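Everything numeric in this text was worked out from a predicted model, so none of it was measured. One is the number of the first residue; the rest follow in order along the sequence. Note that ligands are numbered from 1 as they come in the structure, with each ligand's atoms numbered from 1 the same way. Atoms considered below: every heavy atom in the structure, side chains included; atoms not considered: hydrogens, waters and symmetry mates.
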Amino acid sequence: MFDRLSSLVIALTLVAIAAIFAALSGGDPLSIAVMLLAGFIAAATVYSALPSAPPSPQNAVAALVETPAISLLRHPDFAHWVDQEKEPLLGTADNIVTIANDAAIRLLGRHIVGADVRTAIRHPATSDWLSQIADGAPLETINLIDFPRPGQRWTMRIAALSGSEQIIFLSDRSAIDAADKMRSDFVANASHELRTPLAAILGYVETLQDMNGDTDAPTRDRFLSIIQREAGRMQQLVIDLLSISRVEADRFRRPTTPIDLATIVKTTIVQLRDSEQARADDIVANLGDDPQPMLGDEAQLGQLAHNIVSNAMKYGHAGTPVVVTLAREGRRVRLSVTDEGDGIAPDHLPRLTERFYRVDEARSRSVGGTGLGLAIVKHISERHQGQLDIDSDVGKGTRVSVTFPLRAEG
Ligand code: ADP
């Protein structure tokens, strides 16, 4: 109701009035003096106990400015969080790196703490970006092309804190770029593979049309058989392309159907003996009598066996054995196929399961290969928790084998 000073004046006035009234009433001077003294002391005590006036709004702003800004970068919880982040992260104040997590140190080096951010993240985009921010540009994500090494790409994102502090997030995009490149390479390769037989078909059809029925029967038959062969190649390519996309789509779906690998391999061998009659007698099957129970996709495992055995028949020398074996190895079963052919030089081995990779393109085409067989094998094997091994001796032959976990019986 009253401010501190007014309250004191009122209290003293009341004490004085009381003293004058007591004096006029003929009061004892000593009692009046004691009363005055007690009144003054009481007023002074109450005055000192009353709260002082709150600061005006102007004072409040001044108080905030005087209080030092609270730094998020120096907060102990911040350091704790930064260390848990898997991606590189830097804290900067006035563009000087004040904190960096392990991932940032691994990427950029230990020297970055205390360094200017342009020295820490050595890329032309960093300097451009900092000057743009200084001019008030929005905080957009920046691409660091060829960073830290040629062919790699990282992105840099910033969060502005109070004062001159910032947090910089770095993120590796190289794997995403590599996957994108693989996808576009695949489309380009598939188109190229389809275009080659298509061009042959169109060429021979046009020639037949130009000859306008003037061709002799043997020439016409030869052209027609080329057209048929090239159309068959296109058909096989389309079948393999569909297979690979289906197998890839199923990649993360573990198979749950109980199957017998021995029966599947037996069926595949029967089919191949029928379709590749020239080498039917070369297949030697050592499959044993035991079932090989596992969880699997019957059609996919049939395709895996077909691709490996047919490769051995295509690339092994005619008249030499193609040995197909099933053998238990602890809790796994190994399917192996051995041929006697030219073999594969060691530097090709790691790349054989890449799509469209061939050791000898002309040879592959001449035996009707699409370059997708082993890529399909690899995907099917991975989906079944298989382990694919390819061993080869140049001039002697090749062994391709896959082991799969057996299903626990009982
Ligand atoms: P393709 O359809 O060309 O046979 P694959 O993916 O099945 O494609 O195999 C890739 C390449 O690996 C083949 O082009 C061939 O050069 C080589 N290859 C595969 N299996 C064998 C083998 N048993 N012996 C020799 N080379 C092989």
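Ring pair H384/F404 is perpendicular by interplanar angle, where above 60° counts as perpendicular and below 30° as parallel.
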Please tabulate, one line per pair, the protein N or O atoms found under 3.5 Å from any N or O atom of ligand 1, giving the distance to one decimal.
{"residue": "ligand 1", "atom": "2 (O)", "partner": "T370", "partner atom": "N", "Å": "2.8"}
{"residue": "ligand 1", "atom": "2 (O)", "partner": "G371", "partner atom": "N", "Å": "2.8"}
{"residue": "ligand 1", "atom": "3 (O)", "partner": "Y315", "partner atom": "OH", "Å": "3.3"}
{"residue": "ligand 1", "atom": "3 (O)", "partner": "S364", "partner atom": "OG", "Å": "2.6"}
{"residue": "ligand 1", "atom": "3 (O)", "partner": "G371", "partner atom": "N", "Å": "3.4"}
{"residue": "ligand 1", "atom": "4 (O)", "partner": "N311", "partner atom": "OD1", "Å": "3.4"}
{"residue": "ligand 1", "atom": "4 (O)", "partner": "K314", "partner atom": "NZ", "Å": "3.3"}
{"residue": "ligand 1", "atom": "4 (O)", "partner": "Y315", "partner atom": "OH", "Å": "2.8"}
{"residue": "ligand 1", "atom": "6 (O)", "partner": "G373", "partner atom": "N", "Å": "3.2"}
{"residue": "ligand 1", "atom": "6 (O)", "partner": "L374", "partner atom": "N", "Å": "2.8"}
{"residue": "ligand 1", "atom": "7 (O)", "partner": "N311", "partner atom": "OD1", "Å": "3.3"}
{"residue": "ligand 1", "atom": "7 (O)", "partner": "N311", "partner atom": "ND2", "Å": "2.9"}
{"residue": "ligand 1", "atom": "7 (O)", "partner": "L374", "partner atom": "N", "Å": "3.4"}
{"residue": "ligand 1", "atom": "8 (O)", "partner": "G371", "partner atom": "N", "Å": "3.4"}
{"residue": "ligand 1", "atom": "14 (O)", "partner": "Y315", "partner atom": "OH", "Å": "3.3"}
{"residue": "ligand 1", "atom": "16 (O)", "partner": "V359", "partner atom": "N", "Å": "3.1"}
{"residue": "ligand 1", "atom": "20 (N)", "partner": "N311", "partner atom": "ND2", "Å": "3.4"}
{"residue": "ligand 1", "atom": "23 (N)", "partner": "D339", "partner atom": "OD2", "Å": "2.9"}

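Among residues two or more places apart in sequence or in another chain, the ring-ring contact (aromatic ring centres under 6.0 Å, His included) test is passed with F169 by none. For the side-chain contact (heavy atoms from CB on, under 4.5 Å) test, residues two or more places apart in sequence or in another chain that qualify with R254 are Q385. Every residue meeting the side-chain contact (heavy atoms from CB on, under 4.5 Å) condition with H317, not counting sequence neighbours, appears here in chain and number order: T320, D342.
Judged purely by atom type and a 3.5 angstrom limit, D216 uses its side chain to pair as donor or acceptor with the backbone of T219.
A side-chain N or O of E87 and one of S171 form a donor-acceptor pair less than 3.5 Å apart.
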